Structures are given as C-alpha cells and as structure tokens.
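Here's the structure, in structure tokens; my notes come after.
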Amino acid sequence: MNTIDTNSANIHEGSGPLYPSASCQEHDEQQAGKATDAQNDAACEKACLAIAPAWPLDRAIAVNPHWGRINRPLRQVAARMALLGNIQVFPTREYLREAWAKGRMTQQDLFYALATLQHGEDCANQCIDALEQTPEIAQLPLLIDVLDDDPARHTRLSWRQAITQQVSQTCAAFFDEHQADWQPVRGQGLYVFWRDTLIHDHGIGVLMGLPNLGKGLSALPATRRDAEKWVMIRLGLPHDAWADYLEAVLLTVNGWASWCAYLGWQAKQEGRSDDHLRDLLAIRLAWGAVLLECKTDSSAKHAFAALHKTWSHASELLADAERALWVDEVWQLALEAGYQRQLASNLSTASLRHTLESSRSEVEVQAAFCIDVRSERLRRALETASPSIQTIGFAGFFGLPIAYTPFATNARRPQLPGLLAPVLEVTDCVMTEETTGHETSTSEQRAAKQARLRNFALSTQWQANSRWPGAAFSFVEAAGLGYLGKLAGWLRPSGQPRPRDDLAGIPALYRSLCRPTLTGLDVSDKVNLAATVLHAMGLDHDLAPLVLLVGHGSQSVNNAHAAALDCGACCGQTGEVNARVLAQLLNDTAVRAGLVEKNIAIPSETVFLAALHNTTTDEVEWFDQDLLPHQAQERLERVRSAFDCACDQVRRERAPDLTLDPRGGHGDLLEQVRRRANDGAQTRPEWGLAGNASFIIAPRSRTQHIVLDGRTFLHDYTAQNDPDSSILELLMTAPMLVTHWINWQYHASTCDPDRLGSGNKVLHNVVGGHIGVFEGNGGDLRIGLSKQSLHNGKQWMHEPLRLTVVIDAPRVAIERVIQQHTVVQQLINHGWLHLWHFGEKGLSRYAAGEWAQLGLMTQ
Amino acid sequence: MKLFNLLSAACAIAPAVFMLFVVWRANSLRGDPDDNGSDLWALFTVLSSLAFLSTLFTLVLQTLAPPIGDQGPLSGYVPGLTVNLLGGLVAVLVQLLGMVIGGFSSRYLQGEPGQMRYIAGFAGVLAAVHVLLLANHWLVLIAAWALVGKALQGLLCFYPGRPFALLAAYKKQIADQVADVLLIIAAASAYLDVGSGSISDLLRQVGTGDASMALEISAVCLVLAVILRTALLPIHGWLIQVMEAPTPVSALLHAGVVNLGGFILIRFSPLLDVSSVARWLLVIFGLGTALLAGFVILTRISIKVRLAWSTVAQMGFMVLECGLGLYQLAIMHLIGHSLYKAHTFLSASMVVRQTRLRMLHVTAPTRRISLLVAPLLAYAIVSLVQNLVGSTGAIWPWWWSIVLAAAWAPMFWLPMNVDDEAPPTWYRLLAGIGMLVLLMLAALLAHAVPLGIGSSPHHSAGIVALAGMSLMYVGLATLQWHQGCWGTWRRWSYAGFYIDEFYTRLALRLWPTRWLSATHLARQPDCLATEASTGKQ
C-alpha cells in the first residue's frame with residue numbers, strides 16, 4: 001500500500017500513483033470468515049491512511065482533516081463522512097440558507113454553479129427548496145451501537161460514550177509526557193498498555209452496566225495483530241466493506257487517531273515506522289468484540305443481523321448519499337462564485353494598471369513578507385506609505401529547512417512547513433559587536449549558559465512547591481497571599497511587548513547578543529543555500545540597499561492555541577529564527593564572495609535585516625540592528641517611520657473586527673491593541689487566517705494597490721526568471737499544499753465545529769501539556785479550530801470557501817506540474833481547490849484537464 | 001454613635017444587597033435576546049467593586065473598633081446576622097474573587113449566549129455566600145448555604161446541552177440535599193440543648209460547660225454536612241466534572257465556594273472541641289482525602305482535572321487541620337488556597353506556554369541520597385527558624401514542624417549534574433535553604449496574624465496526621481527513587497480509585513433517563529449517533 005505521502009521527496013521527485021486500486025480485494029472470493037492476514041492488513045492500512053495528522057498545540061499548524069481522502073472527489077468524501085462519521089463536509093444548509101437570505105449568494109451565483117456543474121437551470125428551484133431541508137443521511141451503525149440495545153440503557157452511559165471515554169483516557173495516559181508527574185510504564189506499545197489498563201479496571205463495568213465485563217475481557221488477545229484477526233473473523237462483514245467499516249470505527253476516536261497519524265507522519269519523515277494508529281484501531285475494534293462476548297447468544301445474533309443488513313449494501317447507501325449531496329455541491333460553488341467574481345474584477349483592473357504603469361520610482365528598500373493572508377494588509381499599507389519600498393511575498397520560513405535548538409537547551413524543534421523534514425541545524429550563539437556577528441564569543445557564551453542553567457535550577461526548585469502534593473498544601477498557606485498581586489493583574493491587562501520565551505532565564509545583558517546561527521555548514525554549503533533561496537525569492541538580481549526579511553508571529557496570553565496564530569510555514573512558530581538566520585547568512589562576506597562565482601552579485605552597500613510582524617498588535621520588531629553599518633542604520637530610521645504609518649493604517653483596518661474604535665489617535669489605538677493582546681480573558685486575540693479564500697502566485701505588480709481584505713495569500717513569482725519551471729513546481733507542491741491545508745482547516749472547522757473543530761474555547765482543557773484539548777472533562781481529543789476563532793458571537797468570521805489558486809505562468813508549465821504530481825492532480829480534479837490561470841489575456845479556469853472561460857462575468 | 005452603627009451595619013450587609021440587585025436586573029433583562037450583556041456587566045463591575053470596598057471597610061472597622069462581646073453592629077438591625085473578624089476576612093476574600101473573576105468573565109464570555117443567566121447565577125452565589133458568612137442563626141446558615149448551591153446550579157449548567165454538566169450538577173445536588181438534612185438535624189439538636197437557634201449563644205454555651213449528647217450529635221452532623229459539601233472523598237466526583245462549565249465558574253467554585261466548609265468548621269470550632277468523634281471524623285476524611293487525592297493529582301493528564309483534584313486534596317488538608325484543632329493554619333490555608341487556585345484556574349490555558357518553558361530545562365534523575373537527606377535538612381531549617389523567630393516557644397505542635405519539613409523537603413531534591421556548566425550542588429543547597437527560610441518566615445508571619453481564633457491541638461490525632469503525611473513523603477520519594485514502580489497503585493490512582501464510578505451509577509439510577517434523552521437525541525436525527533464529545537473523569 002502506498003500512501004498519501006506528501007513528504008518532500010515524493011512531491012519533488014514526482015511519485016507514481018499514490019493510491020492502489022481496490023481490485024485486489026474485489027477479486028477475493030473467499031468466505032468472509034476466512035480472511036487472510038494480508039487482507040486484514042490491507043484493510044486496516046487503508047482505513048488508517050484516511051486519517052490526517054494533527055500537530056501538537058505548541059507546533060500547531062493547519063491541516064486539512066480530509067487530507068487522507070483527497071484521492072476521492074469532494075462530493076463522494078462528503079457522502080462518506082456523513083455515513084461513516086456523521087460529519088458535515090459542505091457548508092450546512094442553515095448557513096447556506098442565511099447566505100441566500102442575506103443576498104450573499106444571488107440567483108446569478110446559483111445559475112453559474114448549476115451551469116458549471118452541468119445541471120440544467122431548471123434545477124434552480126429544487127436547490128432553493130432544498131435550503132429549507134436537512135439531507136437525510138443516516139450514519140451507519142457500528143457493532144457497539146447495535147449491541148447497545150438494552151432497555152435499561154438510559155440509566156447508564158451509552159456504550160459509545162463510555163468507550164470513547166475509556167479509550168481517550170488511556171491514550172492520554174499513554175501519550176502524555178509533560179503533564180503527569182507520575183508516568184506509567186509503556187514499553188510494550190499502546191495496545192498492550194490499553195489491554196493491561198482495561199483488564200485491571202474495576203469501574204468501567206459499573207458505569208456501562210456490565211457487571212460481567214470481566215468475562216468478555218478474558219477473551220482479549222494479547223497482541224494487536226491477534227486482536228485485529230479475532231475481531232475481523234467475529235465480525236464477518238463483506239470484504240469490500242471492511243476498509244469503510246474500519247474508517248468509521250476510527251472516526252469515533254478521530255482526535256486521538258489524528259494524534260497517532262501525526263506520530264506516524266513524524267516517524268516517516270525520520271524513516272521509521274509507527275504502529276500507534278494501528279494499535280488504536282485494534283483497541284477500538286476489540287471493544288466491540290468484548291461487548292459481544294458479554295451479550296447473550298440471541299441478542300448477539302440479533303445485533304449481527306442488524307449490522308450485516310446495513311453493511312452488506314453499504315456501497316449502495318454511499319452511492320445514494322453521494323447523489324443526494326449534489327445540491328450541497330452546487331451551493332458550495334455558488335457561495336464561492338460571489339467571492340470569485342469580485343476577485344476576478346479586482347485582478348482585471350489591477351492588471352490593466354499594470355500595463356499602464358511602466359515606470360516606477362527607484363526602490364530603496366525591499367521587504368520580503370510571508371505569504372500569510374495577514375501580510376497582505378501590511379504590504380499594501382507599506383507600499384502606499386512609501387513608494388520606494390517594494391514588497392515581496394514568500395513562504396515565511398524563507399526556504400530554510402531548519403530545526404532550531406534554543407540556547408543551552410535540548411528543546412529542538414522544526415522551523416519549516418510540516419510537509420518537510422528539517423535538514424539543517426540552528427542554535428543560538430552569543431555574538432557581540434566586536435566579533436562582528438560572525439563568530440561566537442566563547443567566554444560570554446559560557447557565562448550566558450551558566451546564568452541560564454542557574455535560573456532554570458532556581459525555578460525548578462521553587463516550582464517543586466506547587467508540583468508535589470505535600471509541599472503544595474503548606475505552600476499555599478505560607479505563600480498564597482503572594483497570589484494577590486497576580487490576581488489583581490487580571491483586572492487590567494498590561495501593555496507589555498511580546499514575550500521572548502526562547503530567551504527565558506537568560507540575563508538581560510546577554511539577551512540581545514544571543515543570535516540564532518546555522519551550525520555544521522561550511523562556506524560552500526552556505527553559498528549553495530544562499531543561492532537557492534535568493535533565486536527562489538527572485539532576489540538574485542537588482543537588490544535594493546536595504547533588504548528586510550519580515551517573519552511574523554502573534555501575541556496572546558492564556559491561549560492554548562496561540563501557536564495556531566503564528567507562522568504556519570515555520571511549523572507554528574514565529575518567523576524570527578528563520579529571518580535572522582537568513583539575514584546573517586546573506587550578510588556574511590565569505591558567503592557573498594562565494595555567491596559572486598554563482599553570478600549573484602550582492603552590492604556591497606546592500607544589507608539584509610530581519611524583522612518580525614506582530615500580527616496581533618501590528619507592530620514590527622527589528623533584530624540585530626546593532627550589527628548594521630552606520631549608513632544602513634540611517635536608512636532604517638527612515639523606513640521605520642513608513643512602517644509606523646503603515647502599521648497604524650493596518651490597525652485601523654482591523655479595529656472594527658476587534659470591536660475597537662478605528663477613529664482613535666495613533667497611540668491610543670496601539671495601547672488598546674496591546675492591552676487586548678495581553679488580556680488573558682480574551683478568547684479572540686486576533687482573527688488569524690479567518691476569511692482566507694485565495695492564493696495568488698504572480699508578480700506583485702499584478703495585485704498592487706488592490707484591496708484584498710487580508711483574504712489572500714500572495715506569493716511572488718515571475719515566470720521569466722524560471723525558465724525550467726522548477727520554482728513553479730516547488731510552489732505548486734509546497735506553498736499551494738500548505739495554503740490548501742490552512743484553507744481546509746478553516747473550512748472544516750466552520751462546517752462541522754463539533755467534529756472537525758475543537759469546540760468552545762471557554763471549556764477547553766489542555767491535555768498532556770501540549771498534545772491537544774478536551775472540551776470539558778474528557779471525551780475524544782479535539783482537533784481543528786475553536787468556535788471563537790471563527791465566530792464573533794453574532795456571525796461567522798470565516799466563509800467556508802475552497803481556495804482559489806491564481807497562477808501567472810505559462811499554461812503548459814502549469815499542466816506539466818499537474819501531470820507530474822498525483823497530489824496536485826487530485827486536489828484540482830477532485831474539487832478540493834480552484835485553479836485559475838492569469839495570462840496576458842486575462843483569467844481562465846482549469847476544469848477537467850482543460851482551460852475554460854471563467855464565465856463569472858456574463859452579466 | 002447611632003449613626004455610626006447604622007452606617008457600619010449597612011456596610012456589612014451592602015455586598016449582599018448589591019449582588020441581589022444585580023440578580024434582579026439580570027432576571028428582568030433575561031427575556032431580551034438581543035442584549036449581549038455588556039450593560040449589565042458594567043453594572044456588575046461597579047457594584048462588585050463597591051461590594052469589595054464595603055467588605056474591606058467592615059473589616060477595617062472590625063479591626064480598629066472590635067465590638068464588645070458577640071454583638072456586632074448588624075445584630076441590632078438584622079436578626080440572625082452578625083459580623084466577626086473571621087467572617088469579615090473571608091467576606092473580603094470572596095468579594096475580591098467575585099470582582100476579579102466577574103471582570104474576567106465579562107471579557108471571556110463575550111459573544112456567548114445566555115450571559116444574563118450567567119450574571120444572575122454569579123451574583124446570586126456572591127450574595128448567598130455573603131449572607132452565609134454573616135449568619136448567626138442556624139436557619140439563616142442553612143438557607144444561605146442551600147441558596148449558594150441553588151445559584152451555583154445555574155452556573156454549572158450554563159450549557160444545558162451538555163449532558164455531563166447536568167450529571168455533575170445532579171451529583172452535587174444529591175450531596176447538597178443530604179447535607180441540608182444533616183444540617184437541620186444539627187440545628188435541631190443544638191436547639192434542644194441551647195434553647196435558641198442563635199449560633200453565638202450556642203458557642204457561648206459550649207465554652208462554659210460540658211458537652212451534652214445533643215451537642216455531640218449536632219457536632220457530628222455538622223461535620224458530616226461539611227464533608228459532603230466540601231467535595232471530600234468519596235463525594236468528590238462532581239467537583240472534578242464541572243469542567244463542563246466555563247473556566248471562571250471553576251475558578252469561583254474552587255476558590256470561593258467549596259472552601260466554605262472550612263469557614264463553617266472554624267466558626268464552630270468551640271463546638272468541635274467538645275466532640276472527639278466529630279474531630280476524628282474530620283481527621284479521617286481529611287487525611288484520607290489529602291493522601292489519596294494527592295497521589296491522584298500526580299497522574300492527571302489534563303490541566304483542569306489536575307487542578308480540580310488538587311482542590312480536593314487541599315480541601316482534605318484544610319479539613320484535616322480543622323480536625324487537628326489548628327484553626328489559625330486552616331484559615332490561612334483557606335485564604336491562601338483561594339487566591340492561588342483562582343489564579344491558576346483562570347490561567348489554566350497558560351499550561352501550554354509553561355510546558356514549552358519547562359521543555360527548555362534539561363531534566364536529570366534525582367540523586368537518591370538527596371531523597372534521604374532532604375527531610376532531615378528541611379527539619380533542621382524549620383526548627384532553626386522557628387527557634388530563632390518564634391521566641392515564645394512552640395507556636396504550633398512539634399509534630400506539625402515535622403509535617404512541614406516533609407512537605408517542603410522536595411526543594412532539596414537535587415538532580416544529578418549532567419552538564420559541566422550546570423550550577424554546583426552547594427548552589428542548589430543554598431538556594432533551597434533560602435527558599436525554605438522565606439517560606440518559614442511567611443508561614444510564621446501568617447500564623448501570627450491576630451484573628452482571634454484559638455487553636456486547640458489534638459495530639460493523638462496529630463500523630464496520625466504526622467504518620468500519614470510522612471507516608472506521603474515516602475511515597476513521593478519512592479517514585480523518585482525508582483521510576484515506574486508501583487504500577488498497580490498508579491493504575492488505581494489514575495482511575496481515582498474507582499470511587500466515583502459507583503457514585504455516578506447510583507446517581508444515574510436515581511435519576512435515569514432525563515440527561516441523555518433531553519439533550520443529545522434532540523439534536524441529532526439518528527439515535528445511533530449519540531456520541532457525546534465529552535466524558536466523565
């Protein structure tokens with residue numbers, strides 16, 4: 001079985017078909033009860049591949065929860081999710097009804113959608129009528145559901161709840177490494193751990209109303225493989241339904257399944273294999289069989305009959321459901337049409353201006369921003385504030401595939417998109433001005449390390465008081481009054497700047513001298529790296545005297561999902577490290593000398609400077625200014641005033657959405673935004689990437705001066721500089737996937753907040769210190785975005801639109817990339833995103849292997 | 001003078017009046033679906049600040065001009081209420097918490113539906129708690145405590161669509177109702193003996209003579225009621241499971257409501273002193289809860305549930321202190337724990353950042369020798385500081401010093417040095433000594449605050465407590481000594497000793513179908529899809 005693999009190797013080298021046909025199973029004529037191991041294995045593997053990974057909270061990056069299902073058309077996935085997991089994929093009818101009533105969707109949109117999907121216009125009334133109904137698609141029952149038919153079942157927990165709870169608590173105990181101080185022994189894997197826990201459990205039988213649960217448990221096989229076999233034989237479902245049944249089983253613990261899938265994803269990047277997801281599947285399956293053992297023969301027979309009756313024609317039910325969802329597909333497209341029409345008209349006016357405006361004022365500063373939708377506002381404001389500033393959009397990790405280890409620690413973490421595995425190492429070095437930022441100052445390095453370890457030791461010792469129960473009892477008596485001050489802090493949030501956690505415990509003296517630095521690379525490696533990055537960024541020619549590398553990060557307190565607001569391209573971290581490392585690399589004289597040999601001449605007066613866009617307060621932090629030459633410092637001063645002005649403009653633009661008054665004075669608004677960022681009671685510190693709807697891969701001139709409302713990812717790309725289309729290939733296989741992931745995380749969390757979103761923030765309860773959250777006491781681990789990240793209490797702040805990708809490149813080049821990469825093919829052909837071409841003659845859309853007129857502007 | 005009395009009486013009762021006004025406003029606005037609550041929150045903010053200031057003022061008056069005898073300024077105007085130093089102090093604490101947590105809620109709940117209901121419940125709890133703190137008559141006390149539960153019920157069920165919220169609230173309700181009955185019995189027996197329902201009369205009488213059988217019964221019933229209301233084992237389940245309500249509700253509950261039992265015990269301390277059965281009950285339930293819940297804390301995997309178990313354990317410890325007759329310590333515990341727990345609950349989501357910061361630390365196993373030496377060193381310092389500062393001799397019994405030493409010994413657990421640049425052992429030792437001296441000074445200072453609460457140490461129970469707390473140290477040290485030992489004991493701890501399962505089952509039997517059918521089934525067309533996103537534990 002191959003996989004949904006998207007790791008770098010596969011994307012860039014172009015893998016073969018990623019999905020095997022199911023024919024090997026269809027050929028099978030054996031009787032249900034005599035399945036071979038290989039078939040078991042294949043079905044389990046297939047079900048596991050459907051689960052998308054979910055990254056931990058401190059590395060939160062957005063993922064399309066249906067990533068493992070993009071090999072199927074969207075409507076089919078929607079039908080499957082409804083039947084297998086009661087999961088809503090398309091926008092709910094309620095949402096659509098409201099959009100229709102408000103005029104967000106018009107008749108024109110509806111007709112456009114009908115025409116595009118090749119339905120007749122006469123279907124329009126049917127669609128409108130359907131808005132008042134809910135599609136009746138009943139979820140397929142699992143074994144535990146049909147067994148849970150006891151008349152007294154309302155006097156206890158439902159088995160589904162109890163099992164989810166038991167599995168979830170066991171997984172939490174197994175995977176937690178940071179919350180519990182008393183860790184279990186878990187040497188033999190998740191399945192064995194669970195079996196051990198359950199066999200010795202003295203409470204669950206009581207809760208489930210099964211005093212004789214022990215009898216069923218004695219039949220539990222000792223290993224995962226035996227358990228899989230045992231259950232499959234007992235179930236005896238038709239072979240072609242197996243994988244679907246197993247996927248439905250996994251969906252009952254989708255949160256933990258996603259966590260296991262994350263572990264599998266990481267393992268694969270490191271070239272290991274990982275069995276956790278298979279263990280989880282076996283656990284969840286075994287539960288069904290255990291309950292079967294506890295039942296009397298007649299009720300078991302009865303349950304079996306019910307189960308077989310449904311699942312033997314599961315494929316027909318799936319097909320029916322898929323047919324029934326045509327209306328939702330039409331409305332999804334109609335919803336997008338309104339946005340797309342506006343986008344298309346914007347882009348056309350801009351490109352008109354693009355041909356008219358040939359001369360530009362001289363560029364004094366180039367500023368490279370992350371493609372993140374939040375950069376769009378600042379870039380626009382900056383260009384307006386100062387015509388001598390040119391802005392560039394590029395993935396916020398700046399092309400550096402690095403892992404970063406903060407100074408004097410072992411806390412290594414990736415700083416690159418989740419699709420890729422880090423290959424370079426970065427750590428902090430203490431560099432003073434005297435060492436001109438290229439060499440480490442050994443004595444100071446040592447002193448800084450000692451100071452940090454001392455501070456860490458002190459805090460560990462002090463924290464022992466609240467960590468150990470005996471100590472905590474007497475500690476609160478003695479020191480409890482000290483919490484008066486902290487408690488008072490909740491009354492009025494401070495206005496302090498973004499904390500720098502990577503520098504925690506380092507004395508102020510050394511803080512500004514700690515600079516992230518590439519390690520283990522010789523000059524020629526560095527030159528190659530620099531050349532690749534400059535070429536990809538389009539900065540291998542015509543460099544301005546000052547080049548800014550602007551990463552981004554957010555600022556919020558008491559926010560479990562804070563990392564989700566940071567840079568997704570840096571794996572849920574701020575872009576600080578990447579920007580600083582790249583600036584340091586490109587300011588290195590030895591590297592510059594090497595670059596000359598590669599025909600990249602960086603003018604001697606050009607300097608690179610790292611900065612960070614605080615997306616919550618819209619302030620900009622500058623790094624390593626002390627290393628700049630005098631002349632550059634002066635230039636920077638001039639730039640800063642332009643930035644101040646632009647940032648203020650952006651804050652005003654964002655203020656209404658933050659329920660702030662945009663008309664206040666500059667300082668006043670800034671103060672309010674800062675206090676808001678420091679408010680631990682604020683569940684909506686910023687809107688993150690809500691509203692994202694399109695991704696434009698084109699030169700900036702194509703989009704300059706048009707207002708895209710912070711809804712568009714912008715990546716600079718000039719086809720002329722990319723004769724072999726290698727950059728285009730990179731863009732369509734990495735940033736396009738990342739933006740698709742983000743887009744679909746928002747989409748899924750909006751359409752089904754209960755199952756694909758993490759629910760209500762005010763109930764969140766962090767699990768394992770960083771693994772994820774429960775909503776309330778327990779239940780399954782929750783993935784996705786919280787309701788507060790998408791909804792302001794009155795209305796949704798995100799529209800569930802599929803990403804519209806607009807590419808300014810030759811059509812053949814785009815087609816070639818599509819042909820070479822199955823993943824890209826699937827995304828486009830199966831309707832997971834829209835692909836537009838932006839040519840000299842305007843826009844056209846890609847449909848069924850051909851380029852067609854947009855057809856949006858007919859009226 | 002009369003005007004002054006009137007003024008101080010008004011101040012004493014004002015917080016309850018203010019909060020009742022908020023409840024009234026909230027209830028009258030409740031029908032309006034467009035109201036997002038911001039006006040009412042503004043009103044609440046003003047009134048809760050005023051309430052806090054008046055409790056502060058009352059406390060200052062109490063300290064500067066303590067009333068003669070038991071007759072506070074209130075009793076002349078409102079029968080059944082009185083002000084004393086203890087009640088005044090706790091009232092300041094509760095109104096402070098109300099102000100802070102209320103302010104937090106006003107921002108935290110922005111956009112949530114049902115904020116009127118929330119404000120009504122929140123202010124209702126604050127009003128009822130205030131009356132409880134002033135209560136000087138059994139009936140007032142019982143009614144106020146019942147009202148606290150009633151108002152809290154609305155907060156616990158803030159999301160009526162969450163079955164487990166309803167279940168937890170129901171479990172609390174059962175415990176509360178049993179506690180109410182016990183309190184009524186306690187009141188009746190006290191009335192039989194004293195001939196009046198006044199609490200000050202009762203306490204005066206207890207101070208003078210021998211205890212009658214009726215008073216003993218009264219004390220035992222009171223103690224049992226407190227055990228039920230304070231969420232000690234085995235009735236702790238509901239407290240663990242109210243994570244189904246918004247975070248600030250947990251903060252209010254854990255910091256300002258559940259510890260009221262401690263206040264009642266201290267208020268009735270003369271009565272407890274006459275009944276050794278009551279005191280032993282407190283010691284057994286308190287110590288048992290502190291020990292068992294203490295181990296459960298260590299196994300928790302989610303932050304809020306960890307905090308909840310920590311409250312259970314802390315309540316056990318506070319009740320233990322009451323049983324041991326260490327009332328001054330108990331009141332300092334009540335106040336300190338409230339402040340600590342309110343803050344930690346509100347900042348529960350910071351755990352992600354804290355974990356991240358902790359991951360920066362390079363961890364190393366603990367040196368075994370330090371596990372042995374730590375309590376000895378801690379004891380040496382505890383007694384040294386005590387002898388140097390507490391010149392009047394033993395301010396708490398000798399066994400308590402050992403309890404303290406065992407408690408704070410983990411500060412001297414030293415990790416093996418894995419890095420040459422790591423601070424040397426002497427540095428860590430000095431740091432630990434410094435911290436311990438600071439803590440001891442703070443504890444002595446807290447103990448010296450004149451609150452007019454006498455202590456009456458119960459020495460034989462003290463030995464039991466000492467044994468129990470030493471056992472806890474041995475347990476913790478063993479876990480450090482040999483990682484991964486006691487697998488079975490961990491499993492039991494992780495399961496909360498399976499106690500709550502039985503209580504839950506009982507609750508469900510008493511109250512079967514309502515909680516599931518009403519909520520989840522209504523929302524989903526398919527009855528098989530009743531997968532709740534939440535669970536027990």
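Chain naming here is simple, since letters A, B, ... match the order of the sequence lines and numbering starts at 1 in each. Predicted model, so just to flag it, every value in this text is computed and none were measured.
- Contact annotation for A:Ser466: both backbone and side-chain heavy atoms come within less than 4.5 Å of a heavy atom of chain B.
- Contact annotation for A:Arg446: both backbone and side-chain heavy atoms come within less than 4.5 Å of a heavy atom of chain B.
- In this structure, the portion of A:Thr683 lying under 4.5 Å from any heavy atom of chain B is its side chain and not its backbone.
- Using modelled atom types, no side-chain atom of A:Asn455 and backbone atom of A:Arg452 make a donor-acceptor pair closer than 3.5 Å.
- Only the backbone of A:Asn559 comes within less than 4.5 Å of a heavy atom of chain B; no side-chain atom from C-beta onward does.
- Neither the backbone nor the side chain of A:Lys787 comes within contact range of chain B; no heavy atoms are under 4.5 Å apart.
- For A:Gln788, the part lying near chain B is the side chain, with the backbone staying farther off; criterion is any non-hydrogen pair under 4.5 Å.
- For chain B, the nearby parts of A:Val766 are the backbone and the side chain; heavy atoms of each come within less than 4.5 Å.
- Here A:Asn558 is the residue among A:Asn558, A:Asp181, A:Val476 with the most heavy-atom pairs under 4.5 Å with chain B.
- Heavy atoms closer than 4.5 Å to chain B are found in both the backbone and the side chain of A:Asp201.
- Among A:Gly793, A:Gly203, A:Gly470, the residue making the largest number of heavy-atom pairs under 4.5 Å with chain B is A:Gly203.
- In this structure, chain B has heavy atoms under 4.5 Å from both the backbone and the side chain of A:Phe475.
- Between chain B and the options A:Lys761, A:Arg454, A:Arg684, A:His770, heavy-atom pairs under 4.5 Å are most frequent for A:Arg454.
- With a 4.5 angstrom heavy-atom cutoff, A:Asp501 touches chain B via backbone and side-chain atoms both.
- The contact between B:Leu346 and chain A is made by backbone and side chain atoms together, counting heavy-atom distances below 4.5 Å.
- With a 4.5 Å cut-off on non-hydrogen atoms, A:Pro406 touches chain B through its side chain but not through its backbone.
- Within the 4.5 angstrom heavy-atom criterion, only backbone atoms of A:Gln183 (N, CA, C, O) approach chain B.
- Looking at B:Phe164 and B:Gln241, their side chains never come closer than 4.5 Å, going by heavy atoms from C-beta outward.
- For the set A:Asp196, A:Ile204, A:Asn792, A:Thr405, the count of heavy-atom pairs under 4.5 angstrom toward chain B peaks at A:Asp196.
- Heavy-atom pairs under 4.5 Å with chain B peak, among A:Ala173, A:Pro184, A:Ala408, at A:Pro184.
- The aromatic rings of B:His337 and B:His333 lie parallel to each other, their planes meeting at an angle below 30°, with 60° marking the opposite boundary.
- Heavy atoms closer than 4.5 Å to chain A are found nowhere in B:Ala406, neither backbone nor side chain.
- Interface residue A:Phe473: backbone and side-chain heavy atoms are both found under 4.5 Å from chain B.
- At least one test fails for B:Arg428 against the ring of B:Phe412: distance under 6.0 Å to the centre or angle within 45° of the axis.
- In this structure, B:Trp400 and B:Phe317 have tilted ring planes: the angle between them lies in the 30° to 60° band.
- Using a 4.5 Å cut-off between heavy atoms, B:Tyr108 touches chain A through backbone and side chain atoms alike.
- Within the 4.5 Å cutoff, the side chain of A:Leu763 has heavy atoms near those of the B:Tyr159 side chain.
- In terms of non-hydrogen atom pairs under 4.5 Å with chain A, the most contact-rich of B:Gly294, B:Ala293, B:Ser347 is B:Ser347.
- For chain A, the option among B:Met472, B:Arg353, B:Met469 with the highest count of heavy-atom pairs below 4.5 Å is B:Arg353.
- Using bins of under 30°, 30° to 60° and over 60° for the plane-to-plane angle, the ring pair B:Tyr473/B:Trp413 lands in the tilted bin.
- Considering only heavy atoms from C-beta on, B:Leu298 comes within 4.5 Å of B:Leu479 through its side chain.
- B:Asp419 touches chain A through its side chain: at least one heavy atom from C-beta onward sits under 4.5 Å away, while N, CA, C and O do not.
- Proximity of a side-chain donor or acceptor of A:Asp780 to a complementary backbone N or O of A:Gly255 within less than 3.5 Å is detected.
- Contacts between A:His202 and chain B at a heavy-atom distance below 4.5 Å involve backbone atoms as well as side-chain atoms.
- Here A:Asn760 is the residue among A:Asn760, A:Leu481, A:Val767 with the most heavy-atom pairs under 4.5 Å with chain B.
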